[in-house]
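Report on one structure; see the data block that follows.
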Amino acid sequence: VFNFLIALRGGLRNIGFWGKTFLYHALSIGGIPHCVILLDHLEDLSPSDLVPLARGLRFDEKRFPEGTNVNFLERDEEGQGVRLLTYQRNVNRLTSSCGTAIAAGGIVACLSLGYSSPVSVTTPGGISEVTVRQDTTSPEKVRISLRGEASCLTKGTILFDARSTFRTARTVCAPLL
């Protein structure tokens, strides 16, 4: 279970592509920017449809000066949760899962789509549960808990300075599609 304090960046906004207008939400999770685009039928779109759009938004300096992760979200068929596909800004690819993207998808589902917390978020990497609670210190912030499966792809040791004894192990859990 991870707990985050999330800063919201306004409400739903319009964005146009493919000759249509879609709604999106921009938020920052632990300083990581996310754009969550609401789609009706995610399964109708292939990576070759989504990647050029995601790359364009990731580098859209007007809307996202620091770049952004781009998330495509749809309601599941039963209306019990949401499905999410994420293009990660520092990977520059669609990935099968991303913890902060799952959190962003859960927040949008609860605050913009009217889902009750906790909400189920399904990605190609699996199913996670996101619990969303309003923060008592600010109406622009929420607290979330994230629960789900994770798998380790690799571990390694990084030496930051040859003269330093400070070392850290980093675990990467975002397999590429």
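Every heavy atom of this structure was used, including side-chain atoms; hydrogens, water molecules and symmetry mates were not. What you see is a predicted model, and the numbers here were worked out from it, not measured in a lab.
- Put simply, the side chain of Leu50 reaches to within 4.5 Å of the side chain of Leu85, judged on heavy atoms.
- When every heavy atom of Gly105 is checked against every heavy atom of Val121, the shortest pair comes out as C-CG2, 4.4 Å.
- Side chain of Thr123 to main chain of Leu84: no donor-acceptor pair is present (N/O by atom type, distance under 3.5 Å, no hydrogens or angles).
- At least one side-chain heavy atom of Val142 sits under 4.5 Å from a side-chain heavy atom of Ile107.
- Every ring pair (Phe, Tyr, Trp, His ring centres under 6.0 Å) that Phe22 has, sequence neighbours left out, goes to Phe17.
- Rounding to the nearest 0.5 Å gives a distance of 7.5 Å between CD of Glu74 and NE2 of His41.
- Within the model, atoms OG1 of Thr95 and CG of Asn92 stand 11.0 Å from one another, a figure rounded to the nearest 0.5 Å.
- At distances below 3.5 Å, not a single donor-acceptor pair connects side-chain atoms of Asp76 with backbone N or O atoms of Arg83.
- Here CD of Gln134 is found 7.0 Å from CG of Leu111. Values are rounded to the nearest 0.5 Å.
- In this structure the side chain of Leu27 reaches within 4.5 angstrom of the side chain of Val108, judged on heavy atoms.
- Taken from CD1 in Ile32 to CG in Asn90, the straight-line distance is 8.5 Å, to the nearest 0.5 Å.
- You'll find the side chain of Ile37 stays beyond 4.5 Å of the side chain of Leu73, heavy atoms only.
- The side chain to side chain donor-acceptor pair (under 3.5 Å) search around Ser48 returns Ser46, not counting sequence neighbours.
- Atom CG of Leu113 sits about 9.0 Å away from atom CG of Leu23, to the nearest 0.5 Å.
- Partners of Ala54 according to the side chain to side chain contact (heavy atoms under 4.5 Å, CB included) rule, which considers only residues two or more places apart in sequence or in another chain, are Val70, Phe72, Tyr87.
- For Asp60, the side chain to side chain contact (heavy atoms under 4.5 Å, CB included) partners are Leu57, Lys62, Arg63, Phe64, not counting sequence neighbours.
- Across all their heavy atoms, Gly81 and Val119 have their closest contact at CA-CG2, 4.1 Å.
- The heavy-atom pair separating Leu146 from Gly99 by the smallest distance is CD2-O, 3.5 Å.
- In terms of the side chain to side chain contact (heavy atoms under 4.5 Å, CB included) criterion, residue partners of Thr131 (sequence neighbours excluded) are, by chain and number, Ser117, Pro118, Glu129, Arg133, Ser145.
- There is a side-chain donor-acceptor pair under 3.5 Å between His34 and Thr100.
- For the atom pair CD1 of Ile144 and SG of Cys110, the computed distance is 10.0 Å after rounding to the nearest 0.5 Å.
- Taking all atoms of both residues into account, the shortest heavy-atom contact from Cys35 to Thr68 is N-OG1, 3.3 Å.
- Checked against side chain to side chain contact (heavy atoms under 4.5 Å, CB included), Arg89 has the following partners two or more places apart in sequence or in another chain: Pro33, Arg58, Glu66, Asn69.
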